[in-house]
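Position 1 is the first residue of the sequence; numbering continues from there. Heavy-atom basis, side chains included; hydrogens, waters and symmetry copies ignored.
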Amino acid sequence: MWDELWIDCRAATMRAGADTAYGAIDDAAIAIDRGRIAWAGPRADLPGKPDALAAMVIACDGAWVTPGLIDCHTHAVFGGDRVGEFEARLEGASYEEIAKAGGGIRSTVTATREASEESLAEAALSRLETLRRGGVTTVEIKSGYGLDVETELKMLRAAGEAARRAGLHLERTFLGLHALPEDYADDRAGYVDLVCQEALPKACEAGLVDAVDAFCERIGFTAAEVRRVFETAKALGLPVRLHAEQLSDQGGAALAAEFGALSADHLEFASEDGIRAMAGAGVVAVLLPGAFYALKETRKPPVALLREHGVRIAIATDLNPGSSPLVSPTLAMNMACTLFGLTPEEALAGMTRNAAAALGISDEAGTIESGKRADLALWRISHPAEIAYWIGLPGPDRLYIAGRNMTAEGTGRKP
């Protein structure tokens, strides 16, 4: 007998290749057992009467059920804030100008190094709880604001503690090549050595890393420097992803493809050759409309080329203190539609099925299918497109993570 059986619901299963938009089932039933989806399909196909199949039968009153949202690119652990830079940008300073003047990532590095592990976890917890209220059940968190061995490890531990307390599934990404720290300003090769020979191996040995990332950009690191870190990751058995072509085309998309990366993220300046390489290697494109909006960029990612070449498109908040202080997954989806021209179905796939692929967890999450985790969001809406349509929709009416109800009754109703 199943633990729970949901009936009288409409399911946006988000299964790839489904015959209906959103993989929709109008009169659905979803069974949950021991934290996993035990059965999902049309209610008419249930193998018996509901009361005989489950210990608890829950009538959903026609609500829509989607997979829990997945935020596959965040920098949610950091010290301090960068409100001053926000003001500077409004006065005309560019992201690159701020970074070259000692602001940007380096200013957050200073604050993060000074913060205790406990304070970092506490601050991140507040952000993660906001994401959860918005419908997020799985979050990716990167290091990269330490840029020394101890602080990078501290960040990854704080991420684990914050996610545990928030009740979220977590994927941790080591981002040692995020910016060149001031203490290595005249020794780029020495810093890359530190990352490859000490920081990344120690983080891996401590069980704190699920993947490795880097910032391949004029104000970040060269393709040759990234290659060294990716080769180290490969030797350690870790998958990679890449901040690529955000501000210029540095060949990052092709480099990500060469290493079979899970994802290449940003991509505003990606070339067709780079996109073609990504398609051939199965690399997911993660679009980050929050950064595009906050930095007032004008060059949009080449969505038409991504579609043409069959590259899967994911969406994420890019939650960070400088270029994307965005804590709403539903707003990220709305921005992806309004700013980048995605359809609401593409946007929802971008924060469910394709986001799972970008994290390498498609076997566990991203669609409503038997055997996957019971990470489910129940929305009081008339159509799944409303999730991206309402600007800043607070979140689902109920949120289940591994079968556990995490959302207070009555939150997130549409206006």
Side-chain angles (χ1 to χ4, degrees), residues 75 77-79 96 99-100 102-115 117 120 140-159 171-248 250-266 320 322:
H75 305 256
V77 173
F78 55 85
E96 289 186 73
K100 289 177 180 177
I105 294 168
R106 285 185 176 181
S107 65
T108 298
V109 168
T110 299
T112 304
R113 286 180 176 181
E114 292 173 352
E117 185 173 323
L120 289 174
E140 184 260 15
I141 300 178
K142 305 178 190 294
S143 68
Y145 292 133
L147 309 185
D148 60 25
V149 177
E150 178 53 38
T151 313
E152 290 292 291
L153 297 178
K154 179 175 68 175
M155 287 186 67
L156 293 167
R157 290 192 300 266
E171 294 292 315
R172 283 183 281 206
T173 300
F174 176 87
L175 180 56
L177 290 198
H178 197 193
L180 187 67
E182 290 185 17
D183 35 336
Y184 280 87
D186 298 319
D187 188 11
R188 295 182 65 91
Y191 179 67
V192 176
D193 286 343
L194 177 74
V195 168
C196 293
Q197 297 172 13
E198 188 173 352
L200 178 53
K202 283 188 175 181
C204 183
E205 183 180 359
L208 297 173
V209 185
D210 298 300
V212 175
D213 197 348
F215 185 30
C216 187
E217 190 51 77
R218 291 176 306 198
I219 59 172
F221 293 87
T222 68
E225 290 165 336
V226 171
R227 179 181 296 278
R228 282 199 57 203
V229 174
F230 279 9
E231 288 171 346
T232 301
K234 184 176 181 181
L236 292 169
L238 294 168
V240 299
R241 54 177 56 96
L242 186 64
H243 286 62
E245 329 312 27
Q246 180 186 9
L247 305 172
S248 61
Q250 299 295 310
L255 181 64
E258 178 186 340
F259 280 86
L262 291 171
S263 72
D265 304 26
H266 287 290
N320 75 71

| said: Go through it in stages, so that I can follow the logic: the residues are Met155 and Glu152, the test is side-chain contact (heavy atoms from CB on, under 4.5 Å), and I'd like the CA-CA distance, side-chain angles, deciding distance and then a yes or no. | reply: CA-CA 5 Å; Met155 287 186 67; Glu152 290 292 291; 4.2 Å; yes

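- Using a 4.5 Å heavy-atom cutoff, the side chains of Arg113 and Val109 are in contact.
- Remark: side-chain polar atoms of Glu182 are not paired, donor with acceptor, to backbone N or O of Arg106 under 3.5 angstrom.
- Between Ala256 and Ala264, the shortest heavy-atom contact is CB-CB, 4.2 Å.
- Although no hydrogens or angles enter the test, the distance criterion places no donor-acceptor pair under 3.5 Å between the side chain of Asp265 and the main chain of His243.
- The heavy-atom pair separating Glu245 from Gly252 by the smallest distance is OE2-N, 3.0 Å.
- Asp186 CG to Leu180 CG: the interatomic distance, rounded to the nearest 0.5 Å, is 9.0 Å.
- Here the straight-line distance linking atom CZ of Phe215 with atom NE2 of His266 works out to 6.5 Å at 0.5 Å rounding.
- The closest donor-acceptor contact from the side chain of Glu217 to the backbone of Leu247 lies under 3.5 Å.
- Within the 4.5 Å cutoff, no side-chain heavy atoms of Tyr184 are placed close to those of Leu147.
- In terms of modelled atom types and a separation under 3.5 Å, the side chain of Lys154 and the main chain of Gly146 share no donor-acceptor contact.
- Residues Phe78 and Asn320 have side chains not in contact (no heavy-atom distance under 4.5 Å, counting atoms from C-beta outward).
- The shortest non-hydrogen separation linking Val195 to Phe174 is CG1-CE2, 3.7 Å.
- By the 4.5 Å heavy-atom criterion applied to side chains, Val240 and Lys234 are not counted as neighbours.
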| task | Take Leu208 and Lys202, measure what side-chain contact (heavy atoms from CB on, under 4.5 Å) needs, and give me the verdict at the end. | result | CA-CA 9 Å; Leu208 297 173; Lys202 283 188 175 181; over 6 Å; no

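- The shortest non-hydrogen separation linking Leu262 to Pro239 is CD1-CB, 3.8 Å.
- Here the closest non-hydrogen pair linking Ala253 and Ala244 is N-CB, 4.0 Å.
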| said: Set out, in order, the CA-CA distance, both residues' side-chain angles and the distance that settles side-chain contact (heavy atoms from CB on, under 4.5 Å) for Gln250 and Thr222, then state yes or no. | reply: CA-CA 8 Å; Gln250 299 295 310; Thr222 68; over 6 Å; no

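- A heavy-atom distance below 4.5 Å is found between the side chains of Cys204 and Leu238.
- For the atom pair OG1 of Thr151 and CD of Glu114, the computed distance is 10.0 Å after rounding to the nearest 0.5 Å.
- Atoms OG1 and CD1, from Thr173 and Ile141 in turn, are 9.5 Å apart once rounded to the nearest 0.5 Å.
- Nearest approach of Leu156 to Arg172, heavy atoms of both residues: O-NH1, 3.0 Å.
- Ring-plane geometry between His178 and His75 is classed as parallel, the angle between the planes falling under 30 degrees on a 0 to 90 degree scale with a further cut at 60.
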| task | Could you give me the CA-CA distance, side-chain angles and deciding distance for Leu242 and Phe230, then say whether side-chain contact (heavy atoms from CB on, under 4.5 Å) is met? | result | CA-CA 10 Å; Leu242 186 64; Phe230 279 9; 3.8 Å; yes

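- Atoms CG and OH, from Asp148 and Tyr191 in turn, are 8.0 Å apart once rounded to the nearest 0.5 Å.
- Looking at Thr112, its side chain does come within 3.5 Å of a backbone N or O of Gly79 through a donor-acceptor pair.
- The distance from the CG atom of Leu175 to the CD1 atom of Ile105 is 7.5 Å, given to the nearest 0.5 Å.
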